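What follows is a set of notes on a single structure, which appears directly below.
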Amino acid sequence: MPRRTFNYFPYLGCQPASALRYVLLAALTFGMLVMSGCSSTERPEQKQDLQTTSATFNKLLDSIWTFEQSGQSDDLKASKIPNISPEKLAADNAQYQSYIASLQGFDLNQLSHEEQITHTIQLYRLQNYVDEYRYNAHFVPLTSEYGFHSSLLNLYYRFDFSKNDSITGYIKTLQDIPAYFEQQMTYMRQGMAVGQVQPHAVMQGFEQSVAAVITDNVLDSPFYQPFLQLERDDPSLDLLKAQAMRVITSDVNQAYQRFYEFLVNEYIPRAKTDIAVKTWPNGTDFYQNRIKHYTTTDLTADEIHAIGLAEVARIRAEMQGVLDEVGFTGSINEFIQFLRTDEQFYAKTPEELLKHAMYLSKRIDGMLPQLFNKLPRVPYGVAPVPASIAPKYTTGRYVSPRNDTQPGYYWVNTYALDKRPLYALPALTLHEAVPGHHLQISLAAEMSDLPNVRRSTYISAFGEGWGLYSEFLGKEIGFYETPYDDFGRLSYEMWRACRLVVDTGMHVLGWSRQRALDYMLENTALSEHNVTTEIDRYISWPGQALSYKLGEIKIKALRAKAESELGAEFDLREFHAAILAHGSVPLKVLENNINMYIEQAKNQ
């Protein structure tokens, strides 16, 4: 991604005097909150100790980052297929544990406030690597909507096709695909042997995402598409094109065919009949571990379930207000049925749906200055979800830039148009594009004064909580043009509240898939197709869906606290800048940061 120097206190806008006050107050508050107990006069040897500790800490961060990136060579002539051998996974796990021990050896009082945040996030990242290995996550390298086979379709972005040496690296990558697939299938068989497999319910039809990649005509292969754009007159290039055709036909297609046959003949027939992750080996512990990872809290499944039930009841009452506004005399469920079946709410063609998403994107672009003092430099585009994965894919998603020449992309699913209501598109746009994921992720990536681990780590509770909060912001600035659009927003909020109920219900509390489907259909305006793909996603990706609502609840609570304590001095743009100023952080860190912001604002 493009990088540029980031104004660390962006919510001060262009007011240098105010900025200076903030810096001074930040230093004072930091001293009170973090360094309490230290002498107010720092002796030279103390300063030297702090500088030495900081240098040692940052050297360790660089070492960790270099190790993490060692499997992702920037050499354009090298293969980009990762080494996932058992020996490599074990060695990586040992190294991550060693790094954790080194990090835990630091005295946090010897680190600056920013370094303490970095310490927390680096530990968070490393601990997840260790936990996933401990729970054998590599035994299940796919979810209902995604897998290692589909991730390879974007590898060509890592090569420069204007250079023949780089094309050679791309062909080497294609040649390595068969061995990579064989290792993945070996791990999946190990999972089958111990019962750590995806449920049969979510695997039905999954093989079609593999079959879609296999083509009779090599010119139609997604792996050959980059070559279709090359028109330079170069005999060497012609030879490389011919070689790529042979490799795709003999190596790539056959690897995908073997994986297809493995799924159809071995994996799917032996997929488990229940849906709960708790029936995996150490499944209950794994689910609690995923709760902690995705929500960054110590909440239990029972506590989250109760929060979800309360949120569903609250949002349902707000939905009734929309019915009253439009004069609908039936029940909420009758109104939802009307929304699901009336043709006025659905696009007739994929182009119509995409054009509406583009219109909404440009409309919110023009409203962003009401909410933010600083906007990201990197633009974003609107594109359809790739056809090969669209049938089982979620309704929309944000895709970060793949390199410095690419924008971010807001993906819109154009499959099954009668299941993609237009009234839900405004909320989806705010969440996936701006002010949601594109804005937050891009600003974090542009914080060149922060270490790589801070700019690249995505913490789901923060990022998805911000995305859902962004949907709420649309209400405040008049983005929702009709009551139906606002009902779509409420339905999306209800969707995330229902996740707290059905995710915990299915994985821990004994809920069946049908009960979860019925609950979502009863309480949201999502189409039956959307509900089905979503439920299957939660089944196959335990815990991740909990992060959205819990993160949004925390952000709203912090805003309410800031508004209460600052009164007339509360500035929404400054609050948003304070939320985003440190990148993606755990919720407890976010709370500490906002408490500091409130104290600093009081003293301005």
Side-chain angles (χ1 to χ4, degrees), residues 295 299 301-342 345 395 421-428 430-431 436 464-505 509 511 515-528 530-531 534-535 538 545-561 563-564 572:
T295 74
L299 293 169
D302 286 334
E303 290 169 335
I304 293 171
H305 193 82
I307 292 170
L309 292 173
E311 282 291 281
V312 167
R314 178 188 63 78
I315 298 166
R316 196 168 179 90
E318 290 192 34
M319 285 180 161
Q320 183 60 51
V322 176
L323 270 67
D324 296 341
E325 181 180 355
V326 300
F328 191 86
T329 57
S331 68
I332 290 177
N333 295 98
E334 288 171 335
F335 186 65
I336 289 174
Q337 183 61 21
F338 160 65
L339 294 177
R340 285 180 179 146
T341 56
D342 196 299
F345 299 118
T395 191
L422 295 174
Y423 57 77
L425 206 55
L428 181 68
L430 298 184
H431 185 108
E464 300 301 346
W466 174 259
L468 182 51
Y469 172 74
S470 295
E471 298 173 26
F472 163 74
L473 289 176
K475 176 73 171 176
E476 294 193 312
I477 59 175
F479 185 70
Y480 301 107
E481 298 180 281
T482 71
Y484 301 110
D485 290 347
D486 193 39
F487 194 88
R489 173 190 69 84
L490 286 169
S491 180
Y492 265 34
E493 186 182 5
M494 178 69 89
W495 170 21
R496 279 44 167 262
C498 287
R499 287 174 172 178
L500 303 184
V501 178
V502 299
D503 197 288
T504 53
L509 303 179
W511 280 39
R515 182 177 177 183
L517 288 167
D518 291 343
Y519 189 83
M520 290 276 284
L521 288 169
E522 174 81 11
N523 288 292
T524 77
L526 297 177
S527 69
E528 185 172 357
N530 280 351
V531 167
E534 286 298 313
I535 290 297
Y538 312 151
L546 305 175
S547 58
Y548 299 68
K549 196 65 174 124
L550 294 176
E552 182 236 19
I553 288 172
K554 173 59 71 174
I555 293 172
K556 281 188 172 180
L558 293 173
R559 175 172 163 177
K561 179 179 182 180
E563 289 174 329
S564 174
L572 184 59

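Here the structure is a predicted model, which is why all the values come from computation and not from measurement. When reading the values below, keep in mind they use all heavy atoms of this one structure, side chains included, and skip hydrogens, waters and symmetry mates.
- In this structure the side chain of L430 never reaches within 4.5 angstrom of the side chain of Y492, judged on heavy atoms.
- Counting heavy atoms from C-beta outward, L299 and L546 have side chains that stay 4.5 Å or more apart.
- Between the side chains of Y548 and E552, no donor-acceptor pair of N or O atoms lies under 3.5 Å.
- Going from atom NE2 of H305 over to atom CG of L509 covers 5.5 Å, rounded to the nearest 0.5 Å.
- Partners of F479 by ring-ring contact (aromatic ring centres under 6.0 Å, His included), not counting sequence neighbours: none found.
- Between T524 and N530 the shortest side-chain heavy-atom distance does not fall below 4.5 Å.
- Within the model, atoms CZ of R499 and CD1 of I304 stand 14.0 Å from one another, a figure rounded to the nearest 0.5 Å.
- Residues forming a salt bridge (Lys or Arg N to Asp or Glu O under 4.0 Å) with E318 (at least two apart in sequence, or on another chain): R314.
- The shortest distance between side-chain heavy atoms of R316 and E522 falls below 4.5 Å.
- For K475, the salt bridge (Lys or Arg N to Asp or Glu O under 4.0 Å) criterion is met by D486, not counting sequence neighbours.
- The CE atom of M319 lies 8.5 Å from the CD atom of E493; values are rounded to the nearest 0.5 Å.
- Here CG of L526 is found 8.5 Å from CG of L521. Values are rounded to the nearest 0.5 Å.
- E476 has its side chain within reach of L572: a pair of non-hydrogen atoms, C-beta onward, lies under 4.5 Å apart.
- Checked by atom type, the side-chain pair Q320/D324 shows a donor-acceptor distance below 3.5 Å.
- Taking the ring-ring contact (aromatic ring centres under 6.0 Å, His included) definition, one finds that F487 meets it with F335, sequence neighbours left out.
- Here L309 contributes atom CG and C498 contributes atom SG; the two are 9.5 Å apart, rounded to the nearest 0.5 Å.
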Can I get a per-line list of side-chain donor-acceptor pairs under 3.5 Å for residues 464-473, giving both atom names and the distance, sequence neighbours left out?
residue	atom	partner	partner atom	Å
E464	OE1	H431	NE2	3.1
E464	OE1	H437	NE2	3.0
E464	OE2	Y458	OH	3.0
W466	NE1	P435	O	2.6
W466	NE1	S470	OG	3.4
Y469	OH	R559	NH1	2.9
Y469	OH	H576	NE2	2.8
S470	OG	P435	O	3.3
S470	OG	W466	O	2.8
E471	OE1	R496	NH1	3.1
E471	OE2	H431	ND1	2.8
E471	OE2	R496	NH1	3.0
E471	OE2	R496	NH2	2.7

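- Legend: residues meeting ring-ring contact (aromatic ring centres under 6.0 Å, His included) with F345, ordered by chain and number and at least two apart, are F338, Y423, Y484.
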